[in-house]
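All remarks here apply to the structure that follows.
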Amino acid sequence: MATYLARRIGQSLLAVFLTLTTVFLLLRLAPGDPAAAYAAPSATAADLARIRARFGLDEPLISQYWIFLKDLCTGNLGSSYSFHASAFDVVMDRLPYTITLAVSAIAVTTVVAVPLGVWMARRADTKRELGANVLTITGQSMPDFWTGVMLLTVFAVLLPVLPASGFTSWSGLILPTVTVAVLQLALISRLVRREMTTALAAPYTTVARSRGVSERALTWNYGLRNSAVPLVTALGTRFAALLNGVVVVEVVFGWPGVGSLVVRALETRDYPLIQATVLVTATLAILVQLLVDLAYPLFDPRVRLGKAA
């Protein structure tokens, strides 16, 4: 276990470093001038030059990268151009909102999609299962922004029972959560249906049924338990993706999370803020994937971490 953890942590650190390096280079190679985005419309060429010197943008690319690495080693991610504050602090102020939305969406997905997938597997190749398949495919096909706009139209305009934007109360979490969960429900329920159908048709299930094991036990103790590893993998992957910010949903609902922060940072060419956002979200995503890997033996004792004995 110790060797496995050390190897995974080393791989994770390398992945974060390569991600930051790639983002650093792409930001500076992309067209656009942060000084022009920061300065007033009436700024002169001399004003732009002073701004570039202030932010260190007049240095050669290799010098900027060396300074970035030295600051990174000391925990200094720079100051945001637009917020005039530590870029790391700005990201951390927004991160709880993104985590709240991600946790609520995954919780709703798990509570609804797993029983729905089991129900579909138990009724495979029937008219009811066909109807459920049509609904899940429809949910999987709907873009997030369209789902969000429709929910806003119905529950915030026609029936003004829920807030249209922001997070002033817990009721403001409902519409963004449902919007994010619709796509996740479709993906996870279809995955559970596929894995459960395979497990229920496996030889060990047939043997257990011949021994008089109840259908309820076959479904939950045999079918779902043997489908747990791909299910946990899918949920962990989706959760890690949500931690990076659901940009479209956050913009539609005015959600003060990391996704909407990235949009503003890109618009203003705020290099330190983008780099801090990438560092925090990439670290969280890799941590979630590591925890998912460590959880595999809990669901399937046949899984062994590291080299097999």
Side-chain angles (χ1 to χ4, degrees), residues 1-5 7-8 11 102-142 177-178 180-243 285-309:
M1 176 65 76
T3 303
Y4 176 79
L5 282 176
R7 185 171 64 252
R8 282 301 307 271
Q11 294 172 351
V103 170
S104 62
I106 287 297
V108 170
T109 299
T110 305
V111 170
V112 177
V114 174
L116 177 60
V118 172
W119 183 87
M120 292 167 63
R122 295 295 304 170
R123 291 159 180 80
D125 301 323
T126 63
K127 292 183 178 180
R128 292 183 179 181
E129 194 263 342
L130 177 61
N133 256 327
V134 171
L135 290 177
T136 55
I137 292 174
T138 302
Q140 189 173 345
S141 304
M142 292 190 300
T177 297
V178 173
V180 176
V182 166
L183 176 59
Q184 318 305 323
L185 283 170
L187 294 172
I188 300 302
S189 62
R190 290 174 63 81
L191 180 141
V192 172
R193 187 262 185 199
R194 183 180 69 246
E195 297 295 332
M196 283 289 297
T197 302
T198 302
L200 293 177
Y204 57 80
T205 305
T206 303
V207 172
R209 185 179 286 111
S210 68
R211 292 167 49 204
V213 178
S214 66
E215 291 298 319
R216 181 183 181 88
L218 287 174
T219 300
W220 298 103
N221 296 340
Y222 288 77
L224 188 59
R225 187 171 183 179
N226 284 279
S227 306
V229 170
L231 174 60
V232 170
T233 302
L235 288 173
T237 301
R238 300 311 305 167
F239 182 62
L242 295 178
L243 289 177
I286 290 174
L287 179 61
V288 169
Q289 294 293 344
L290 177 60
L291 293 177
V292 168
D293 287 351
L294 294 177
Y296 284 161
L298 299 178
F299 297 99
D300 190 344
R302 296 171 297 178
V303 177
R304 293 293 181 266
L305 300 177
K307 187 177 180 180

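In this chain, numbering begins with 1 at the start of the sequence shown. All values reported here derive from a predicted model rather than from experimental measurement.
Looking at heavy atoms from C-beta onward, Thr237 lies out of side-chain contact with Val288 at the 4.5 angstrom threshold. A 4.5 Å side-chain heavy-atom check between Ser104 and Val108 finds every atom pair outside the cut-off. Side-chain atoms of Gln184 and Leu242, non-hydrogen and from C-beta on, do get closer than 4.5 Å to each other. The shortest distance between side-chain heavy atoms of Asn226 and Met196 does not fall below 4.5 Å. Side-chain contact between Ile137 and Arg190: present, with at least one pair of heavy atoms (C-beta onward) separated by less than 4.5 Å. Considering only heavy atoms from C-beta on, Thr138 comes within 4.5 Å of Val134 through its side chain. Two residues are said to be in side-chain contact when any heavy atoms from C-beta on lie closer than 4.5 Å; Thr233 and Tyr296 meet this criterion. Residues Val192 and Leu231 are in side-chain contact: their nearest non-hydrogen atoms beyond the backbone lie under 4.5 Å apart.
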Practice problem: Start with the C-alpha distance between Leu224 and Val114, add both sets of side-chain angles, then the distance that settles side-chain contact (heavy atoms from CB on, under 4.5 Å), and finish with yes or no. | Solution: CA-CA 9 Å; Leu224 188 59; Val114 174; 4.2 Å; yes

Quiz prompt | side-chain contact (heavy atoms from CB on, under 4.5 Å) assessment of Thr136 paired with Leu185 | solution = CA-CA 7 Å; Thr136 55; Leu185 283 170; over 6 Å; no

Self-check item: CA sep, side-chain torsions, deciding dist, call: Ile188, Thr110, side-chain contact (heavy atoms from CB on, under 4.5 Å)
Solution: CA-CA 8 Å; Ile188 300 302; Thr110 305; over 6 Å; no

Quiz item: Between Thr219 and Arg122, is a side-chain contact (heavy atoms from CB on, under 4.5 Å) present by the stated rule, with each step listed?
Solution: CA-CA 8 Å; Thr219 300; Arg122 295 295 304 170; 3.3 Å; yes

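When all heavy atoms are compared, the tightest approach of Ala181 to Ala105 is CB-O, 4.1 Å. Closest non-hydrogen pair, Ala199 versus Thr205, comes out as O-OG1, 2.6 Å. Residues Leu200 and Gly223 share a closest heavy-atom pair of CD2-CA, 4.3 Å.
In this structure, the separation between CZ on Arg193 and CG on Leu191 is 11.5 Å, given to the nearest 0.5 Å. To the nearest 0.5 Å, atoms CD (Gln289) and CG (Leu294) are separated by 11.5 Å. For the atom pair CG (Leu218) and CZ (Arg209), the distance works out to 5.0 Å, reported to the nearest 0.5 Å. Rounding to the nearest 0.5 angstrom, the gap separating the OG atom in Ser214 from the CG atom in Asn221 is 8.0 Å.
Scanning for salt bridge (Lys or Arg N to Asp or Glu O under 4.0 Å) contacts around Arg238 gives an empty result, with sequence neighbours left out.
For the pair Ser189 (side chain) and Leu116 (backbone), a donor-acceptor distance under 3.5 Å is absent.
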